[in-house]
Amino acid sequence: QVQLVESGGGSVQAGGSLRLSCVGSGYTYSAVCMAWFRQAPGKEREGVAQIYSRDGRPFYTDSVKGRFTISQDNAKNTVYLQMNSLQLEDTAMYYCAADLAVSYCRSLNQYTYRHWGQGTQVTVSS
């Protein structure tokens with residue numbers, strides 16, 4: 001059974017940083033696309049970043065480019081999201097997601113991903 005477990009959320013002041021982690025288990029595929037999504041109250045879930053396990057190529061939504069960095073440690077089945085220069089509008093529940101046995105990362109869209117973590121809350125205050 002595939003499991004994704006996020007950690008690292010918390011409360012931070014605007015301009016601060018947080019690092020999220022997501023550990024995957026229950027699968028042996030080496031070709032995996034991992035992604036971070038977020039959902040604020042009353043808003044749709046939006047893709048933040050994704051990365052392909054075989055080449056490490058990242059993709060970011062425009063609003064986080066230059067501030068967030070997605071990275072991976074394949075040996076640990078772990079993906080990270082380093083979030084710098086956090087803004088009030090970054091406040092949301094952050095979810096890790098996986099698309100397994102793929103040749104490349106497809107669209108950064110929630111309907112692309114079948115496997116999800118339980119989420120970790122990020123709150124940015126002024």
Side-chain angles (χ1 to χ4, degrees):
Q1 181 179 355
V2 176
Q3 284 193 318
L4 303 172
V5 180
E6 304 99 332
S7 62
S11 297
V12 64
Q13 288 192 323
S17 299
L18 283 174
R19 188 195 194 203
L20 306 183
S21 300
C22 171
V23 180
S25 63
Y27 59 92
T28 57
Y29 303 108
S30 60
V32 179
C33 187
M34 300 293 292
W36 288 96
F37 286 77
R38 65 186 180 186
Q39 188 167 20
K43 294 189 176 182
E44 290 190 359
R45 188 169 297 189
E46 69 165 337
V48 175
Q50 64 186 15
I51 189 167
Y52 185 51
S53 60
R54 288 190 167 174
D55 61 15
R57 178 180 295 182
F59 176 84
Y60 302 94
T61 194
D62 286 346
S63 62
V64 306
K65 284 181 181 177
R67 301 189 299 121
F68 290 11
T69 302
I70 188 170
S71 61
Q72 61 189 0
D73 184 336
N74 290 338
K76 297 181 179 180
N77 269 5
T78 301
V79 64
Y80 305 96
L81 186 68
Q82 177 66 44
M83 305 186 293
N84 299 329
S85 302
L86 282 162
Q87 303 169 356
L88 297 179
E89 49 267 36
D90 294 318
T91 295
M93 184 72 79
Y94 282 71
Y95 298 91
C96 176
D99 191 16
L100 306 180
V102 294
S103 301
Y104 55 91
C105 281
R106 297 181 289 171
S107 173
L108 185 54
N109 180 292
Q110 61 176 319
Y111 303 106
T112 299
Y113 289 84
R114 179 180 177 185
H115 304 285
W116 294 85
Q118 80 289 350
T120 185
Q121 177 68 37
V122 172
T123 302
V124 184
S125 60
S126 59

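We're numbering straight along the sequence, starting at 1. Computed over heavy atoms, backbone and side chain alike; hydrogens, waters and symmetry mates excluded.
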[X] side chain to [Y] main-chain N or O, any donor-acceptor pair under 3.5 Å?
{"X": "Q87", "Y": "V124", "value": "no"}
{"X": "N74", "Y": "S53", "value": "yes"}
{"X": "T69", "Y": "Q82", "value": "no"}
{"X": "Y60", "Y": "I70", "value": "yes"}

Reported [atom1]-to-[atom2] distance for the pair [X] and [Y], which is rounded to 0.5 angstrom:
{"X": "D55", "Y": "C105", "atom1": "CG", "atom2": "SG", "answer": "8.0 Å"}
{"X": "Y111", "Y": "R45", "atom1": "OH", "atom2": "CZ", "answer": "9.5 Å"}
{"X": "Q121", "Y": "S11", "atom1": "CD", "atom2": "OG", "answer": "8.0 Å"}

If you look at every heavy atom in [X] and [Y], which pair is closest and at what distance?
{"X": "A40", "Y": "A92", "result": "N-CB, 3.9 Å"}
{"X": "V32", "Y": "A98", "result": "CG1-CB, 4.4 Å"}
{"X": "S85", "Y": "S17", "result": "N-OG, 4.3 Å"}
{"X": "Q72", "Y": "G56", "result": "NE2-CA, 3.5 Å"}

With side chains defined as the heavy atoms from C-beta onward, is the minimum distance between [X] and [Y] less than 4.5 Å?
{"X": "T112", "Y": "Q50", "answer": "no"}
{"X": "F68", "Y": "L86", "answer": "yes"}
{"X": "D90", "Y": "M83", "answer": "no"}
{"X": "Q118", "Y": "E6", "answer": "yes"}

With side chain to side chain contact (heavy atoms under 4.5 Å, CB included) as the test, would you mind laying out the steps for L81 and R38 before giving the verdict?
CA-CA 12 Å; L81 186 68; R38 65 186 180 186; over 6 Å; no
Other members of the hydrophobic cluster containing W116, with the 4.5 Å side-chain heavy-atom rule, please.
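ILVMFWY cluster around W116 also holds F37, F59, M93, Y95, L108, Y113.
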I'd like to know if [Y] and [X] are part of one continuous hydrophobic network [Ile/Leu/Val/Met/Phe/Trp/Tyr, side-chain heavy atoms within less than 4.5 Å].
{"X": "I51", "Y": "V2", "value": "yes"}
{"X": "Y52", "Y": "W36", "value": "no"}
{"X": "V12", "Y": "L88", "value": "yes"}
{"X": "V79", "Y": "V102", "value": "no"}
{"X": "L4", "Y": "L100", "value": "yes"}

If you draw a 6.0 Å radius around CD in E44, do more than 12 non-hydrogen atoms from other residues or ligands fall strictly inside?
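Atom CD in E44 is not packed in, count stays at 12 or less.
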